[in-house]
Amino acid sequence: MALINMAFRLERDAYMSYRDALSGRHSAIGYHYIVTAVTAQRVPLFRDFQLAAIVARELHALDHECRCGMVAWVIMPDHLHALIVLGDMKLAQLMQRLKGRTAYTINRHRESRARVWQQGFHDHALRREESIPAVARYVIANPLRAQIALRLSQYSFWDQRLVDVSRDTP
């Protein structure tokens, strides 16, 4: 009986992977993903400190609630980049929760019903040969490359784990 159950699970998992591949998206527990979410019409909402703080608080909350690992993230004026290790939630569900909660709170704060985020998000699963610390440094160095700040210490909305940022270079 156990062998039959195992065979069924393997077949079901293979089917789910096939379905995910057809949709262009696959997520797996324990894998690292870089995700990018962009504001609707690229409006620079997150120049507003309070709106960026809403997104930052939600990233920290998701880190704990969803048992995922927010390795590194940065909130830019009109988009968000994050390096995430998936826990027990699919990537699409995690992003839906992040965007839904932040949109609700931002609109409540602004007394608005406007769209906050563009539909969907971009993701990239890290390959084995990609260095996690190097990718994390790349993510958090976005404000430096965009010339929004000269040093990371001058920029408020980023966070990281396991990364030496003392070099302060991209």
Side-chain angles (χ1 to χ4, degrees), residues 12-128 130 132 134-143 145-146 148 155-161 170:
R12 182 197 64 212
D13 291 346
Y15 174 72
M16 294 302 286
S17 296
Y18 175 73
R19 245 186 38 207
D20 290 339
L22 284 178
S23 72
R25 179 154 286 135
H26 174 73
S27 57
I29 294 171
Y31 278 73
H32 288 78
Y33 294 87
I34 297 175
V35 295
T36 301
V38 180
T39 60
Q41 299 175 352
R42 291 202 80 107
V43 174
L45 290 175
F46 307 131
R47 282 189 184 149
D48 181 323
F49 187 91
Q50 291 178 328
L51 300 184
I54 288 169
V55 177
R57 278 193 299 273
E58 191 58 39
L59 286 165
H60 283 288
L62 283 173
D63 194 14
H64 298 290
E65 288 173 24
C66 300
R67 293 182 295 279
C68 64
M70 296 288 174
V71 177
W73 54 261
V74 64
I75 301 167
M76 299 295 285
D78 64 354
H79 64 282
L80 157 76
H81 296 290
L83 174 57
I84 302 169
V85 180
L86 276 188
D88 56 2
M89 183 178 282
K90 287 186 177 267
L91 188 57
Q93 292 173 308
L94 181 72
M95 292 303 292
Q96 181 179 10
R97 185 176 290 188
L98 171 69
K99 290 167 67 175
R101 286 181 178 181
T102 55
Y104 174 81
T105 307
I106 286 169
N107 278 332
R108 204 173 75 206
H109 176 81
R110 296 187 310 166
E111 298 178 358
S112 172
R113 300 185 101 198
R115 281 188 64 202
V116 172
W117 298 101
Q118 283 183 12
Q119 278 190 315
F121 60 94
H122 175 16
D123 65 288
H124 166 74
L126 267 60
R127 295 179 202 86
R128 260 186 232 159
E130 292 180 278
I132 293 167
V135 171
R137 273 193 293 278
Y138 180 81
V139 166
I140 62 175
N142 268 271
R145 285 191 303 279
I148 295 172
Y155 197 75
S156 299
F157 292 105
W158 65 275
D159 197 5
Q160 56 77 35
R161 295 183 190 155

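- You'll find the ring centres of Trp117 and Phe46 inside the 6.0 Å limit.
- Here the CZ-SG distance, from Arg97 to Cys68, works out to 9.5 Å after rounding to the nearest 0.5 Å.
- With a 6.0 Å radius and a threshold of 12 heavy atoms from other residues, nucleotides or ligands, Gln93 has its CD atom above the threshold.
- To the nearest 0.5 angstrom, Gln41 atom CD is 8.5 Å from Gln118 atom CD.
- Shortest non-hydrogen contact noted between Pro77 and Ile148 is CD-CD1, 3.6 Å.
- Proximity of a side-chain donor or acceptor of Asn142 to a complementary backbone N or O of Val139 within less than 3.5 Å is detected.
- Taking all atoms of both residues into account, the shortest heavy-atom contact from Arg110 to Asn107 is NH2-OD1, 3.1 Å.
- A distance of 8.5 Å separates CD1 in Ile54 from CZ in Arg108, rounded to the nearest 0.5 Å.
- Taken to the nearest 0.5 Å, the CD1 atom of Ile84 stands 5.0 Å off from the CG atom of Leu94.
- To the nearest 0.5 angstrom, Thr102 atom OG1 is 8.5 Å from Leu80 atom CG.
- Looking at Lys99, its side chain does come within 3.5 Å of a backbone N or O of Gly120 through a donor-acceptor pair.
- With no hydrogens or angles considered, no side-chain donor-acceptor pair links His122 and His124 at under 3.5 Å.
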Worksheet item: What's the verdict on side chain to side chain contact (heavy atoms under 4.5 Å, CB included) for Leu126 and Val135, showing C-alpha distance, side-chain angles and the deciding distance?
Response: CA-CA 9 Å; Leu126 267 60; Val135 171; 4.1 Å; yes
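- Leu51 CG to Phe157 CZ: the interatomic distance, rounded to the nearest 0.5 Å, is 9.5 Å.
- With a 4.5 Å cut-off on side-chain heavy atoms, Pro143 and Trp158 do not count as touching.
- Distance alone, capped at 3.5 Å, is enough to place a donor-acceptor pair between the Tyr155 side chain and the Ile75 backbone.
- Qualifying salt bridge (charged side-chain N to carboxylate O under 4.0 Å, His left out) partners for Arg42, counting only residues two or more places apart in sequence or in other chains: Asp78.
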Discussion item. Apply ring-ring contact (aromatic ring centres under 6.0 Å, His included) to residues Trp73 and His60 and explain how you reach the verdict.
Written reply: CA-CA 10 Å; Trp73 54 261; His60 283 288; 5.7 Å; yes
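- Of all heavy-atom pairs between Leu62 and Met70, the closest is CB-CE, 4.2 Å.
- Here the side chains of Leu91 and Phe121 are in contact, with some heavy-atom distance below 4.5 Å.
- Contact detail for Ala37 and Met95: the closest heavy-atom pair is CB-CE, 3.9 Å.
- His32 and Leu83 make their closest contact through CB-CD1, 4.1 Å (heavy atoms, listed as atom of the first residue, atom of the second, distance).
- Shortest non-hydrogen contact noted between Leu86 and Ala28 is CB-O, 3.6 Å.
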